[in-house]
Structure formats: C-alpha cells, structure tokens
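Numbers here are sequence positions counted from 1. Counting starts at 1 for both ligands and their atoms, following the listed order. Values reported hereafter were calculated over all heavy atoms of this structure, with side chains retained and with hydrogens, waters and symmetry mates removed.
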Amino acid sequence: MSRTSVEKMDTSIFPDGFLWGAATAAHQVEGGNWNNDWWAWEHDPASPCVEPSGDACDHYHRYREDIELLAELGFNAYRFSLEWSRIEPEAGEFSGAALDHYARMIAACREAGLEPLVTLHHFTTPRWVAACGGWRNAETAKLFGRYAERVMGRIGDQVEFVCSINEPNVVSTRGYLGGLFPPGEHDPTLRAAANETFLDAHRRAVEIVRVAGAKVGLTLAMSEWVTMEGGEEMVAVLRGPYEDAFLEAARDDDFIGVQTYTRTRVGPSGPLGPEEGVETTLMGYEFWPEALEVTIRRAWEETGHVPVLVTENGVACADDARRIEYVRRALRGVRRALEDGIEVLGYTYWSALDNFEWAFGYGPTFGLIGVDRIDQRRTVKPSAHWLGELARHNGATERT
Ligand code: NOJ
C-alpha cells in the first residue's frame, strides 16, 4: 500500500477479529463432481442448464494455491463447502480419503492464516439420496444427520464456524417450485415438504456441530423486499416460506449467514423485475448493494439478535470497477449496522473465483480472481487487491 493511502487511514468500526473472506462452493469450483444430482441435471437435455460444470476451477487439486493467494491478498477467512457425494458416495459408505482431503484444506487455511468457514451442504445432493426422493423425503434429514456426524467426527476439532445448509430456501424454491434446480419440480406442496426436511436437517446439524464444539448457523438467501402499490399481501406470501420460516428456525443458532445480492420489488401479482433505468448485473439483477444493510438488520431483528455473518454478497459483472463500487457501498451498510450495535461477525465476498454459476454456467462472473477456462490460469482482478487491502487493515484503509 502506498504512503498516501496509509495517511488516509481512518479509525475502523470493524471489531477486532472481524472475518474478511471470500467464498466458493464445492460443485462450483472443484470439478468432476459426477456423483451428485447437479451433474445429472447439467447433463439432462431437458434441464434449463446452459452447460455442464466439467473441470470447474480444478480447485480439488489447486486448493492450496488458491488459499495461499487469498491469504497473500490480505484476507483472513475462506468459506468453502464439503461435497457430500464425495464423502458418502453410496449410502453408508464413507470415504476416508475424501474426509482427509477436506481436513487438508482446513489445515492449508490455518497454515495460511485464514479462518476456515465450512459449509456441510451447498446445493448438491448425492445421486443415491436424490434417487430416494431427495429433500421432498423427510428421511433425507436423517441421512444428512448421519453424514454431518461423520464429518464432524473427522474435522470437528479443527473448525470454529460451520454452516449447516446453504440457502435451503433456494434449493426448495428453485428445485421444487421453480424448476430451475434439480429435481425440476413445480409443486408448492413439494416445496413445503422440502422446507420441512431442510429445517429438520438443520436442527440435527446444530446438535451435532455443537457437540463437536464449533459454532453453527444456516445461510439464507435474503432480499430487500420492496412493496410496490398493492403488493403487501404478495410480499407476505412470497417471503413467508422463503425467508421467515428459516429466520424463525435460526433463533437459537450461534450465527445467521446472510446472503444478499439485490432487492425485489413486489406488486399485487408478484415480483416486478428491475426498475427501468436501474443498472443490471450479469445475473439480470438490479445493481443494488444497499440491500445488504437492509437484510442484515432484518436477520438481526427477526432472529432476536443472533449474530450475523455475511456469508455471501457480491456481483456478477464484466467491468471489475463496478465490483469495487458494489462492495464499497455494501460495506458502508455493514458499517452502519455495526455503528448501531448489530453484531456482524464478518463479510465474505461471493466469490473468490469466477466459477460455475449453476444453470447459468460460466457466463456470470462473480470472482475476485478470474479463471481461464482453457488452462485454469488465475488472474487477480483489481477488486481482489482492493478488498484484500481493506481486509488487511480491518476496513480502515479508506472511508468505505
Ligand atoms: C448463492 C449461492 O449460494 C451460490 O452458490 C451462488 O453462486 C451465488 N448465490 C450467486 O448466485
């Protein structure tokens, strides 16, 4: 950092130990995850997927370099997920080698000075679980509990933060109601069943993780809901099973993972889409970083003051300067929340790497680090340097 920027330093409101991280998820970066429901979905010509995940970012083999790069950039945390289909490739058959792999990743984080933030389930479900009905089947919660127990038995003493399930609300809504995720259903009763199974699975994970001595929370996709004229009832209808049920379930957790990207304007017949004239991202979302502050405040209030960990926030854009602008404005919101006494434990940018954005394939680039699709070469973007510097100085390199 140059002398001038040091002189611009301001006293940071970010508490000591604030987690500054970047995030990934196994299926989006590891490559070759052929044994889960997503791989099958990507290869189903009837699915809406634009391309298969293939080698992804080959992070299964390149995790050490990626972790070291994040540490060099200035971050102090790395959020990643464990792939259930590798750890339990068939019912009740556990792979010690896969568990060892994730233990090595955790060790690599520690060696590099990064706090590992580990997620047990990030969208993908082993094929054999999907074949038994997946999340519509209440029994899946027990299977997940058995898996979680095995995982925590291996890594429980090496981690402090465990996210049980990533965005269960997205998996149930897109998989069982919207048809965008596997199993591609469009049935509100199945969505309700999946929600129940997820809630049960989360409760089981909470007990298991706590016995192992780590902190546990779920991560939730949240939006800034904007009620347009006549949209009051519709907001309640949409938000109830999507956000509220999970916030309610998180009331006794150690933290709540907030994941926010944009706002949702709702009229009497549903979401209205982007407002004319508002910049949109490569996901088609409104460029709306201010949504993060709103959702942090909501998560804090609705859970009865469970500490908030921003487990995801970010933007898919081709112009990296827009990423810096987005994060700068989002962090202003985090700062205001902290100033008001809300306990925010950390900010984890999505994503560390340009990666496989599910049904949308490799088009939407969220990464702080670019990945060449042919030779896997990593390119550090200016936003990675910018956010890494901020992290190194606990948010005090400039007035965010
Ligand atoms: C939420 C999901 O957890 C993650 O997998 C996804 O890539 C990002 N949001 C961006 O859409």
Tell me the protein heavy atom at minimum distance from atom 7 (O) of ligand 1, and give that distance in Å. Glu357 OE1, 2.6 Å
Phe198 pairs by ring pair (Phe, Tyr, Trp, His ring centres under 6.0 Å) with which of Phe144, Tyr176, Phe246, Trp135? Trp135
Is there side-chain contact between Ile296 and Ile342, with at least one heavy-atom pair below 4.5 Å? yes
Asn355 versus ligand 1: do any nitrogen or oxygen atoms come within less than 3.5 Å of each other? no
Of the backbone atoms (N, CA, C, O) and the side-chain heavy atoms from C-beta on, which set of Asn166 has a member under 4.0 Å from an atom of ligand 1: side chain, backbone, both, or neither? side chain
Distance only, no hydrogens: is a donor on one side chain within 3.5 Å (strictly under) of an acceptor on the other, for Arg154 and Tyr102? no
is_close_aromatic(Phe75, Trp20), centroid dist under 6.0 Å: no
Arg373, Arg378, Lys381 screened by side-chain hydrogen bond (donor to acceptor under 3.5 Å, both in side chains) with Asp354, the one that passes: Lys381
State yes or no: are the ring centers of Tyr63 and His101 separated by less than 6.0 Å? yes
Do Arg79 and His122 come close enough that some side-chain heavy atom pair is under 4.5 Å? yes
What do you reckon, does His122 have a nitrogen or oxygen under 3.5 Å from a nitrogen or oxygen of ligand 1? yes
A student checking ligand 1 against Phe123 at a 4.0 Å heavy-atom cut-off should list atoms 2 (C), 3 (O), 5 (O)
In terms of atom number and element, which parts of ligand 1 are under 4.0 angstrom from non-hydrogen atoms of Gln259? 3 (O)
On a heavy-atom basis, I'd like to know which of Arg79, Glu312, His27, Gln28 is closest to atom 3 (O) of ligand 1. Glu312
Could you list the atoms of ligand 1 found under 4.0 angstrom from a heavy atom of Tyr261? 8 (C), 9 (N), 10 (C)
Of all the atoms in ligand 1, which lie at a distance below 4.0 Å from a heavy atom belonging to Trp350? 4 (C), 5 (O), 6 (C), 7 (O), 8 (C), 10 (C)
